[in-house]
K.L.:
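Take a look at this one; I'll ask things after.
For the single chain, residues carry numbers from 1 onward in sequence order. Keep in mind it's a predicted model, so treat the numbers as computed, not measured. Counting starts at 1 for both ligands and their atoms, following the listed order.
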Amino acid sequence: MAKKRVKVDAKECIMCGACVGSYPEDFEFADDGTAKPITGEADEDSAGVCPVGAISFEE
Ligand code: SF4
């Protein structure tokens, strides 16, 4: 799967863990419990697992 530059909106993240569980190579939990990118890039399909649309990609 193609990887793209990714952002997580920490104000939107409800800490459900779906992205961390489905894409553990791309996302981890920050100290505040929200998800954050590990490398700054993530699988472009990963936005689909977030129930609140907190994951977005830069073109
Ligand atoms: S899937 Fe979305 S709401 Fe859930 S932890 Fe990841 S960024 Fe946060």
Side-chain angles (χ1 to χ4, degrees):
M1 292 294 180
K3 298 222 176 188
K4 296 171 72 175
R5 295 286 305 168
V6 65
K7 289 189 300 189
V8 174
D9 185 341
K11 297 189 300 298
E12 296 294 327
C13 177
I14 59 171
M15 309 176 201
C16 73
C19 60
V20 177
S22 298
Y23 297 91
E25 73 281 14
D26 292 338
F27 299 95
E28 62 186 359
F29 289 114
D31 290 341
D32 66 359
T34 61
K36 68 174 184 178
I38 295 173
T39 67
E41 294 193 326
D43 190 305
E44 60 186 355
D45 291 337
S46 61
V49 304
C50 182
V52 295
I55 298 171
S56 62
F57 292 92
E58 299 170 17
E59 293 303 323

K.L.:
What protein heavy atom is closest to atom 3 (S) of ligand 1, reported as residue, atom name and distance in Å?
P.N.:
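Answer, as residue, atom name and distance: Ile14 N, 3.4 Å.
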
K.L.:
For the pair Lys4 and Glu41, evaluate salt bridge (Lys or Arg N to Asp or Glu O under 4.0 Å) and give the outcome as yes or no after the intermediate values.
P.N.:
CA-CA 5 Å; Lys4 296 171 72 175; Glu41 294 193 326; over 6 Å; no

K.L.:
Provide the number and element of each atom of ligand 1 under 4.0 Å from a heavy atom of Cys16.
P.N.:
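Those of ligand 1 that fall under 4.0 Å from Cys16 are 1 (S), 3 (S), 4 (Fe), 5 (S).
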
K.L.:
Looking only at non-hydrogen atoms, find the nearest pair between Cys13 and Ala35 and report the distance.
P.N.:
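Here Cys13 and Ala35 meet closest at SG-N, 3.6 Å.
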
K.L.:
Considering only non-hydrogen protein atoms, determine which one is nearest to atom 5 (S) of ligand 1 and report residue, atom name and distance to 0.1 Å.
P.N.:
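Sorting protein heavy atoms by distance from atom 5 (S) of ligand 1 puts Gly17 N, 3.3 Å first.
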
K.L.:
Tell me whether Val8 is reachable from Val20 by hopping between hydrophobic residues (I, L, V, M, F, W, Y) whose side-chain heavy atoms are closer than 4.5 Å.
P.N.:
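Yes, one cluster joins them.
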
K.L.:
Closer than 2.8 Å to atom 4 (Fe) of ligand 1: does that hold for any N, O or S atom in Cys13?
P.N.:
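Within the cut-off used here (under 2.8 Å), Cys13 places no N, O or S atom near atom 4 (Fe) of ligand 1.
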
K.L.:
Between Lys3 and Asp26, is there a side-chain N and carboxylate O pair less than 4.0 Å apart?
P.N.:
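Here Lys3 pairs with Asp26 in a salt bridge, since their nearest N and O are under 4.0 Å apart.
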
K.L.:
Is there a donor-acceptor pair closer than 3.5 Å between any side-chain N or O of Ser46 and the backbone N or O of Ala42?
P.N.:
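The answer is no, because no donor-acceptor pair under 3.5 Å joins these two groups.
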
K.L.:
For atom 2 (Fe) of ligand 1, what's the nearest protein heavy-atom neighbour? Residue, atom name and distance, please.
P.N.:
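Checked against all protein heavy atoms, atom 2 (Fe) of ligand 1 sits closest to Cys50 SG, 2.3 Å.
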
K.L.:
Which atoms of ligand 1 sit under 4.0 Å from any heavy atom of Cys19?
P.N.:
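Every atom of ligand 1 under 4.0 Å from some heavy atom of Cys19: 1 (S), 5 (S), 6 (Fe), 7 (S).
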
